[in-house]
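See structure below.
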Amino acid sequence: MKTSLAIPVEKTKKSKLSETDFSNLVFGKTISDHMFVADYKNGEWSDLRIEPYAPMEIHPANAALHYGQSIFEGMKAYKDAAGEVLIFRGDANWRRFNESAERMCMPELPEEVFMEGLVQLLDLDRDWVPTAHGASLYVRPFMFAMDNYIGVKPSESYRFMIFTCPVGNYYSKPVSVKVETTFTRSIEGGTGAAKTAGNYAASLYPALQAQKAGYDQLLWTDGKSHSKIEESGTMNVMFKIKGNIITAPVNTGTILKGITRDSVIQLAKDWGTPLEERFLTVSELQEALEAGILEEAFGTGTAATIAHIERINVNGKDYILPQTSENAFSKRILAELDGIKYGEVADPHSWIIKF
Ligand code: COI
């Protein structure tokens with residue numbers, strides 16, 4: 001990708017690269033050398049810069065700390081055999097970022113600022129992009145309020161930043177989930193579709209209860225009737241029943257519009273695999289588990305990629321899913337997505353930017 005914005009760069013005096021163990025990456029713990037920063041003041045984005053990753057000064061009255069005007073994205077970059085860096089569907093992340101911004105009364109971020117900041121940061125830190133299969137550079141763009149004012153109103157100033165982390169798998173093994181029918185993640189008219197900090201904060205307590213009971217994550221149900229499966233904590237979910245893939249629709253404003261979800265739907269269409277975007281009810285799920293016709297269940301997300309589900313608790317009863325065979329849809333889709341992301345198979349939908 002050709003870049004045209006002249007972004008000033010201050011390079012780190014002490015790279016952490018040589019002290020990083022790329023064979024032992026814990027998700028989100030290691031942060032690369034540099035970060036991209038842009039500030040929004042007086043109605044415009046300015047002062048774009050790349051600087052060493054470092055703590056920053058925040059005023060105790062910072063509005064984001066008090067009222068949560070804070071949004072983020074998650075995306076990943078890969079390296080191919082020739083050493084080129086590949087970014088997967090960055091334009092889709094930029095669009096979703098601005099949808100979150102609109103919902104949270106935050107300013108729109110121009111595509112140029114998002115993409116050029118991203119590409120120039122990744123180009124500078126390209127040695128941080130892992131080469132091993134399964135590993136990648138997780139990219140975290142985010143924006144938060146910068147006004148120092150504790151009245152409740154949209155901030156007038158904001159900061160946009162990107163930093164990156166070399167990562168391995170988010171889930172190192174198949175996951176166990178519990179259908180949640182007491183707590184609510186999201187409700188129509190709420191902020192469920194926005195990638196905003198508060199959604200994750202509100203999910204922590206119920207998720208912790210599930211973890212204490214031995215599950216990795218929750219399967220959230222709709223906030224009104226708790227009868228329809230919506231999504232999992234860090235991913236969208238898909239079920240395969242009698243050859244048919246079923247995943248919740250994302251037009252209710254309650255569910256994150258997953259980019260991995262969208263990619264799986266597109267590939268399923270390309271392959272002619274039947275896939276329905278409709279709500280699976282909790283009773284349908286339980287009936288399918290009782291009848292032994294739930295063939296596969298998996299989460300889709302940027303961090304988690306394709307996460308196989310091995311155990312589901314519904315209405316207090318645990319069900320163990322059959323082992324996924326090599327030919328399972330979720331295994332084939334993971335292999336195809338990985339092939340595209342590492343530049344090993346054709347990219348028919350132009351999802352990759354390479355540099
Ligand atoms: C992602 O999949 O990128 C996410 O944002 C999930 C999580 C790590 C918060």
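Keep in mind the model is a prediction, meaning the values are calculated, not measured. Atoms within each ligand, like the ligands themselves, are counted from 1 in listed order.
Residues that satisfy the side chain to side chain contact (heavy atoms under 4.5 Å, CB included) test with Thr305, not counting sequence neighbours, are Lys76, Leu334, Lys341. Legend: residues meeting side chain to side chain donor-acceptor pair (under 3.5 Å) with Glu230, ordered by chain and number and at least two apart, are Thr254.
Near Phe72, with a cut-off below 4.0 Å to any heavy atom, the atoms of ligand 1 are 5 (O).
Note on ring orientation: taking the six-membered ring where Trp is involved, the planes of Trp351 and Phe88 are perpendicular (angle over 60°, cut-offs 30° and 60°). Ring-plane geometry between Phe329 and Phe298 is classed as tilted, the angle between the planes lying from 30 to 60 degrees on a 0 to 90 degree scale.
Distances between N or O atoms of Tyr200 and those of ligand 1 include no value under 3.5 Å. Between Ala303 and ligand 1, a contact under 3.5 Å exists for at least one N or O pair.
Note: Phe163 and Tyr138 fail the aromatic proximity criterion, with ring centroids not under 6.0 Å apart.
For atom 7 (C) of ligand 1, the closest non-hydrogen atom on the protein side is Thr234 CG2, 4.0 Å. In this structure, the protein non-hydrogen atom closest to atom 3 (O) of ligand 1 is Tyr138 OH, 2.6 Å.
Under 4.0 Å is where a charged nitrogen must lie from a carboxylate oxygen, and between Glu336 and Lys331 no such pair does.
Residue contact annotation: Lys195 has a non-hydrogen atom under 4.0 Å from ligand 1.
Residue Met75 does not touch ligand 1, judged by heavy-atom distances below 4.0 Å.
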